[in-house]
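A note on names: the letters A, B, ... follow the listed sequences, proteins ahead of strands, and every chain is numbered from 1.
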Amino acid sequence: METLLIIIVGILGLIAIAQAVRVFELSAAVKGEDASSENVTDKDNRNQGILLLIFMIFMLGGFIAMIFGYSDVMLPVSASEHGVDIDNLWDISMWLIIVVFFITQPILFYFGYKFRGAKKKKAVYMEHNNRLEFIWTIVPAVVLAGLIIYGLATWSNIMNPVIGEGEEEPMVVEIYAKQFGWTARYSGSDNQLGYANVRMIGGTNTLGVDPDDANSLDDVITTELHLPVNRPVLFKFRSQDVIHSAYLPHFRVQMNCVPGTKTQFMFKPTMTTEEMRQDPDTQQKVANINEIRGERGDEAWQFDYVLLCNKICGSAHYNMQMKIVVESEEEYNKWMSEQKSFAELL
Amino acid sequence: MATHEAHDHHHEQSFIEKYVFSQDHKMIAKQFLITGMIMGIIGVAMSMLFRLQLAWPDKQFPILETLLGKWGADGTMDPNIYLALVTIHGTIMVFFVLTAGLSGTFSNLLIPLQIGARDMASGFINMLSYWFFFASSIVMVVSLFVENGPAAAGWTVYPPLSALPQAMPGSGLGMTLWLVSMSLFIVSSLLGALNYIVTVLNLRTKGMSMTRLPLTIWAFFVTAILGVLSFPVLFSAALLLIFDRSFGTSFYLSDIMVAGELLSNQGGSPVLFQHLFWFLGHPEVYIILLPALGITSEVISTNARKPIFGYRAMVGSILAIAFLSFIVWGHHMFVTGMNPFLGSVFTFTTLLIAIPSAVKAFNYITTLWKGNLRLTPAMLFSIGLVSTFITGGLTGLILGDSALDINVHDTYFVVAHFHIVMGLSAIFGMFAGVYHWFPKMFGRRMIKSLGYVHFWVTFITAYGVFFPMHFMGMAGLPRRYYTNTSFPMFDDLADINVMISIFAIVGGIAQVIFIFNFFYSAVRGKKASRNPWKSNTLEWTTPVEHIHGNWPGEIPEVHRWAYDYSKPGMEDDFVPQTVPIRENEVETGH
C-alpha cells in the first residue's frame with residue numbers, strides 16, 4: 001500500500017513539474033521570450049541567483065538545526081581513557097571543519113547570487129594572482145601541519161601504549177569472532193592465553209584451544225564480556241572464518257578480526273556500566289529511545305555497553321553482538337569465580 | 001592533405017559501422033554515455049530499494065516481491081539480497097557510471113575535439129574499449145539473475161567472505177561473474193586510457209602546447225595515467241582471488257573453518273588483498289573525481305565569462321592530487337591491524353591531499369568573483385559540485401586521521417563522506433558535462449527549464465540524503481546493516497532513516513526528468529547553433545552535424561590559451577583559441 005502511495009505521489013509530483021514547466025514556457029511565449037532558448041536570460045540569472053541564496057540559508061539553517069536536533073542521538077562521553085584524547089582531537093577537527101564550512105559555503109553561494117549575469121554587465125579579467133595562491137596554499141598547509149602532528153601523537157599513544165614502572169600489566173583477553181557471534185577467552189590467573197588454532201576445534205572445544213598447552217587450562221571462555229573498571233585490558237582478536245571487526249563505540253575502540261592473523265588493541269575502561277547509566281547524556285538518550293519504543297509497544301531498554309561487528313561478514317552481520325559489562329574489581333572477581341575454566345569445560 | 005581528407009569524409013559507412021561498431025570517438029562517447037546511464041538507472045533503483053528496507057524494516061512492500069522474487073517473498077527483503085543490493089549498487093556506481101560513464105564519455109568526446117585531432121590515436125582500440133565495457137556490463141547484469149544471487153560481499157569484495165561460497169550465497173556464481181565482469185572492465189579501462197594518453201601527447205594541433213590545453217584535457221590526461229598505473233594492480237588482485245576461489249591456492253586464506261568445514265588453506269593473508277585492492281581503490285576515487293573537476297573548470301570559466309583563476313595552480317593541484325593518490329591507500333586500512341607506524345605514514349600523506357584540494361576550491365570560488373555568471377543548468381551543477389566537494393572534502397580531515405578513524409571507520413560517517421565528496425561531486429560534474437556538451441553531442445539543445453527543475457530537486461535531495469548520515473555515524477551506526485533494529489541504542493535513528501529514504505526516493509524519481517529531457521531533446525530538441533555558449537575551445541569550431549574527422553577543412557591552428565573571456569580590448573567577451581594574438585596584445589595565462 002505504501003509502495004503504491006509513494007509511486008502515486010512520485011507520479012503526481014512529476015506531472016506537477018511538467019505542468020509547471022509548460023505554464024512557465026507558455027507565459028514566457030506570451031511575453032515574447034523563448035523560454036527554451038539556449039542562452040539564459042537575465043531573468044533566469046536573477047531567479048537562479050535568488051534560489052542559490054535561498055538554498056544557502058536553508059542549508060546552513062538546516063545544518064545548525066541538525067547539530068542541535070541530533071545532539072541526543074550521538075554517542076555519550078567516552079568510557080575509556082584514550083577515548084577522551086580521541087574526543088578532544090575530534091572536537092578540534094570538527095570545529096575547524098565547521099568554521100571553514102561556514103566561511104566557504106556562504107561565499108560560494110553568495111557569489112553565485114551577487115555576480116549573476118546580465119547582458120549589460122561585463123566580467124573582470126583576472127587570470128591569476130600568485131600572492132593569493134601562495135596564501136591559500138600556505139595557510140591550509142600550516143593548519144594541517146598542526147592537525148597532523150596532534151593526530152599522529154594521539155594515534156601513537158593509543159597504538160603503542162607504554163606501561164610505566166610499577167603500573168599494572170594489562171589483563172589479556174581474547175575476543176573470538178565467527179559467523180555470527182562473539183566469544184571472550186580470559187587468560188586466567190597466569191594472564192597468558194593458551195595456544196589456539198582452528199584446526200583443534202572439536203566437541204566442546206569451540207575455539208580450538210590447545211589442551212596440551214599448560215597456559216590453556218586456566219583460560220575462561222564466556223559469551224558475555226565483563227571488564228573491571230580502571231584496569232588496562234589487552235584484547236587479542238581472532239576470527240574463525242571471515243573478517244569481522246570488533247567495534248566498541250562507547251570506548252572508541254575498533255579492530256578487525258582477521259582469520260590467520262592475530263590483531264590487538266589495548267585500552268582502559270574508566271566508567272562502569274552503572275556510571276554510564278547515570279550520565280545525563282545517556283539518560284536523555286535512553287529516555288528518548290524508550291519513548292520511541294513505548295510508542296511501538298517494545299519493552300523499555302536499559303543502557304548497556306555493546307560490542308558490534310563492523311565489517312560485512314554475511315547475512316546476520318547486522319545482529320552480531322556481545323554485551324559488555326564494566327564493573328568494580330569485586331563484582332568482576334565475583335562474576336569470574338562463577339565461570340568455568342577451560343580445564344573444567346573439557 | 002586536402003584530397004586525403006576528402007577521401008576520409010566521403011567513405012560510405014554502413015549502419016553497423018556508423019552506430020554499432022563505430023570507430024568514431026563522438027559515437028563511442030555517446031555509446032559510453034547511454035550505457036552508463038542505463039547502468040546508472042539500475043544502480044540508483046537498487047539504492048531506492050534498500051532505502052525502503054532501512055526506513056521501514058518492519059513493513060512489507062509488494063514491490064519487493066515483484067522485483068526481487070524469492071528474495072523479497074511476502075514483500076520482506078532477505079538479508080542476503082540487501083547485502084547484494086548494496087554491493088552491486090556500489091560496484092555499478094563507482095565503476096560503470098562514474099568511471100566508464102563519466103571518463104569514457106567525456107574523454108572520448110572532448111580529447112580529440114579540444115586538442116584539435118581528427119580522432120583518437122587508434123579508433124579500433126577505442127572501439128574495443130567500448131565493447132569490452134559493454135560485455136562487462138552485460139556480465140554484471142546477468143549476475144543479478146543467478147540462482148544464489150549476485151556478489152554480496154560489499155563492493156570491495158574482501159576475502160575470505162568473497163572467496164568462500166560457504167560464507168554467503170552471493171560468494172558463489174554471482175561472485176565469479178563479478179570477477180569476470182571486472183576483469184573485462186579493467187581491459188576496457190586500460191585500452192581507453194592508453195588511447196587517451198597517446199592522443200593527448202601526440203595529436204595536438206599546431207600551437208596547442210601542453211600549457212594551452214583546456215583543464216578538461218589536463219584532467220582526462222592525468223586520470224588516464226592514474227588508470228594505467230592502478231587498474232593492473234586490481235587485475236592482479238582479482239586474478240589471485242580467482243585462483244583462491246577456483247584452484248585451491250591460499251593467497252588470501254589461512255586457518256579457516258567456515259560453516260563447520262575446516263579448510264586446508266594455510267599461510268595466506270586477507271590483508272594482502274586489501275593492500276592490492278586499495279592501491280587501485282584510492283586512485284580510483286580520483287579517476288572518478290578529476291574528470292568531474294576538469295569539466296567544472298571549463299563550465300565555470302565559460303559561464304562566468306572569466307578566465308579560470310590560477311590555471312597553473314589548477315594544473316599543479318591536479319598533478320599533486322594524482323601523485324598523492326598513490327601513497328594514501330592505507331587510510332582505508334587503519335583498523336586492519338597493520339603496523340601502526342604505517343598508519344602514521346598514511347595519515348600524513350592523506351591529510352596532505354587537503355592542500356591541493358583547498359587550492360582548487362579557492363580557485364573555483366575566485367573564478368566566480370566579479371564574473372558575469374550565466375546560470376545555466378550546467379553552471380548550477382558545477383557550483384553544486386564545488387559545494388559538495390568542500391563539504392565532503394572537509395570530513396576527509398576526520399577520516400584521514402587514523403586516531404579519529406578508529407571510532408567512525410565503517411560507520412555511516414564514511415558513507416556520508418564518500419557519497420558527498422566523490423559520488424555527488426562526480427555525478428554533478430557528469431550532469432554539468434551533459435548539459436554543457438549536449439549541443440555538441442546531438443546538435444540539439446536540452447530544455448532549460450527542465451534542467452533547472454532537475455538541478456534543484458537533485459541538489460536538495462542529495463544533501464538531504466547524505467548530510468544527516470554524518471550524525472548516524474557519530475551515533476556509532478555501522479554501515480551495511482540490513483536493519484538497525486537489533487540494537488536498541490539505534491532506535492532513535494528511526495526518524496532520520498525515514499527522512500533520508502524519502503529524500504532518496506524523491507531524488508531518485510526526479511532523475512526521470514533528466515532522462516526524459518535527454519532522450520526527448522536528442523530526438524526532438526531545438527537545433528543548436530555552432531557555438532551556443534560563446535566558448536573559446538576548439539570543439540565549438542566544428543560543424544554542428546558530426547562528420548568523420550571533425551573538421552571539414554584543415555585542422556585549425558591554436559594561438560592562445562582557452563580562457564580569454566572578457567579580455568580587455570576585445571570586442572566580444574570571448575576570444576576563441578583560433579584567433580591569433582593581435583599586435584600590442586599581451587598573451588596571458590600560459
To the nearest 0.5 Å, what is the distance between CE (M489(B)) and CD1 (I289(A))? 8.0 Å
May I have the step-by-step check of side-chain contact (heavy atoms from CB on, under 4.5 Å) for H128(A) and R312(B), ending in yes or no? CA-CA 9 Å; H128(A) 79 289; R312(B) 278 174 176 264; over 6 Å; no
Are H317(A) and Y481(B) an aromatic pair, judged by ring center distance below 6.0 Å? yes
4.5 Å side-chain heavy-atom contact, Q48(A) and Y452(B): yes
Mind ranking I86(A), V258(A), T261(A), L308(A) by heavy-atom pairs under 4.5 Å with chain B and telling me who comes out on top? L308(A)
Most heavy-atom pairs under 4.5 Å with chain B, out of L152(A), I292(A), V73(A), belong to V73(A)
From the list V100(A), T263(A), L52(A), the residue making the most non-hydrogen contacts under 4.5 Å with chain B is L52(A)
Say you draw a straight line from CG of L404(B) to CG of D85(A); how long is it, rounded to the nearest 0.5 Å? 11.0 Å
Would you give the length of the straight line joining atom CZ of R480(B) to atom CD1 of I312(A), rounded to the nearest 0.5 angstrom? 5.0 Å
In Å and rounded to the nearest 0.5 Å, what is the CD1 to OG1 distance from I406(B) to T154(A)? 9.5 Å
Quick one: closest heavy-atom pair of G314(A) and L83(B), and the distance? O-CD1, 3.3 Å
Where on P468(B) is there a heavy atom nearer than 4.5 Å to chain A: the side chain, the backbone, both, or neither? both
Under 4.5 Å to a heavy atom of chain B? For F303(A) that would be neither
S315(A) and Y82(B): side-chain donor and acceptor closer than 3.5 Å? no
Please check: side-chain N/O of D410(B) versus main-chain N/O of K311(A), any donor-acceptor pairing under 3.5 Å? no
Parallel, tilted or perpendicular for W456(B) and F55(A), by the 30°/60° rule? tilted
Residue Q266(B) excluded, over 12 heavy atoms near CD under 6.0 Å: yes
Over all atoms of both residues, closest heavy-atom pair of L108(A) and V386(B): CD1-CG1, 3.9 Å
Are any non-hydrogen side-chain atoms of Y311(B) and E127(A) less than 4.5 angstrom apart? no
Side-chain contact test, heavy atoms from C-beta onward, threshold under 4.5 Å: evaluate it for Y247(A) versus V335(B) and give yes or no. no
Is the ring pair F101(A)/F467(B) parallel, tilted or perpendicular, if the boundaries are 30 and 60 degrees? tilted
Honestly, the part of N129(A) sitting under 4.5 Å from a heavy atom of chain B is both
Might you work through the side-chain contact (heavy atoms from CB on, under 4.5 Å) test for M94(A) and I398(B), ending with a clear yes or no? CA-CA 8 Å; M94(A) 208 33 125; I398(B) 300 252; 4.2 Å; yes
Non-hydrogen atoms of T395(B) and I97(A) that approach each other most closely: CA-CD1, 4.2 Å
What part of V143(A) is in contact with chain B, defined as an atom under 4.5 angstrom from a non-hydrogen atom: side chain, backbone, both or neither? neither
Side chain, backbone, both or neither: which part of F111(A) has an atom under 4.5 Å from a heavy atom of chain B? both
Are the side chains of N363(B) and E133(A) in touch, meaning some heavy atoms are under 4.5 Å apart? yes
Does any donor atom in the side chain of Q254(A) or D405(B) lie under 3.5 Å from an acceptor atom in the other side chain? no
Is chain B contacted by the side chain of H82(A), its backbone, both, or neither, given a heavy-atom distance below 4.5 Å? neither
To the closest 0.5 Å, what do you measure between NZ (K114(A)) and CG (L373(B))? 11.5 Å
Indicate yes or no: does D491(B) engage R296(A) in a salt bridge with an N to O separation below 4.0 Å. yes
Residue A361(B) versus chain A: region with a heavy atom under 4.5 Å: neither
Note: V40(A) and K448(B) closest approach over all heavy atoms is CG1-CD, 3.8 Å
Any donor and acceptor pair, going by atom type alone, linking the side chain of Q179(A) with main-chain N or O of A167(B) inside 3.5 Å? yes
Closest heavy-atom pair, G151(A) versus D401(B), reported as atoms and distance to 0.1 Å, is CA-OD1, 3.5 Å
Report the C-alpha separation of Y125(A) and D564(B) in whole Å, then their side-chain angles, then the decisive distance to 0.1 Å, and conclude whether the side-chain contact (heavy atoms from CB on, under 4.5 Å) test is met. CA-CA 8 Å; Y125(A) 189 82; D564(B) 270 341; 2.5 Å; yes
Just so I know, are the side chains of N197(A) and D255(B) near enough to count as touching, which here means a heavy-atom distance under 4.5 Å? yes
Would you mind checking which part of R293(A) comes under 4.5 Å of any heavy atom in chain B, side chain (CB onward), backbone (N, CA, C, O), both or neither? side chain
Max heavy-atom pairs within cutoff under 4.5 Å with chain B, candidates A316(A), S93(A), P259(A), goes to P259(A)
Among V359(B), N265(B), V86(B), residue most engaged with chain A (heavy-atom pairs, under 4.5 Å): V359(B)
Around W301(A), counting heavy atoms of other residues, nucleotides and ligands shown, do more than 12 lie under 6.0 Å from its CH2? yes
Value for CG (L351(B)) from CD1 (I149(A)), rounded to nearest 0.5 Å, stands at 11.5 Å
Tightest non-hydrogen contact, residues F487(B) and Y318(A), listed as CE1-O, 3.3 Å
Region of L51(A) that comes under 4.5 Å of a non-hydrogen atom in chain B: both
Does any backbone or side-chain atom of I243(A) lie under 4.5 Å from a heavy atom of chain B? Answer side chain, backbone, both or neither. both
Evaluate the side-chain proximity of Q302(A) to P488(B): yes if any heavy-atom separation is below 4.5 Å, no if none is. no
Among M59(A), K178(A), M66(A), which residue forms the greatest number of heavy-atom pairs with chain B at distances under 4.5 Å? M66(A)
Exercise: do T391(B) and Q105(A) side chains pair donor with acceptor under 3.5 Å: yes
Can you check whether F471(B) and Y70(A) have ring centres sitting under 6.0 Å from each other? yes
Mark yes when over 12 heavy atoms from residues, nucleotides or ligands other than K285(A) sit less than 6.0 Å from its NZ; otherwise mark no. yes
Structural part of F237(A) lying under 4.5 Å from a heavy atom of chain B: neither
Flag the pair M126(A) / K306(B) as yes when at least one side-chain heavy-atom distance between them is below 4.5 Å, and no otherwise. yes
Please determine whether a side-chain nitrogen of the Lys or Arg among D573(B) and K122(A) lies less than 4.0 Å from a carboxylate oxygen of the Asp or Glu. no
Out of F265(A), Y110(A), W155(A), return the one with the most heavy atom pairs under 4.5 angstrom to chain B. W155(A)
Hey, are the side chains of W369(B) and V124(A) touching, using non-hydrogen atoms and a 4.5 Å cut-off? no
Only residue of L262(B), V258(B), I256(B) satisfying side chain to side chain contact (heavy atoms under 4.5 Å, CB included) with V198(A) is L262(B)
Side chain from CB out, backbone as N, CA, C, O: work out which of these in L132(A) comes under 4.5 Å of a heavy atom of chain B, or both, or neither. side chain
Whether over 12 other heavy atoms sit under 6.0 Å from Y305(A) OH: yes
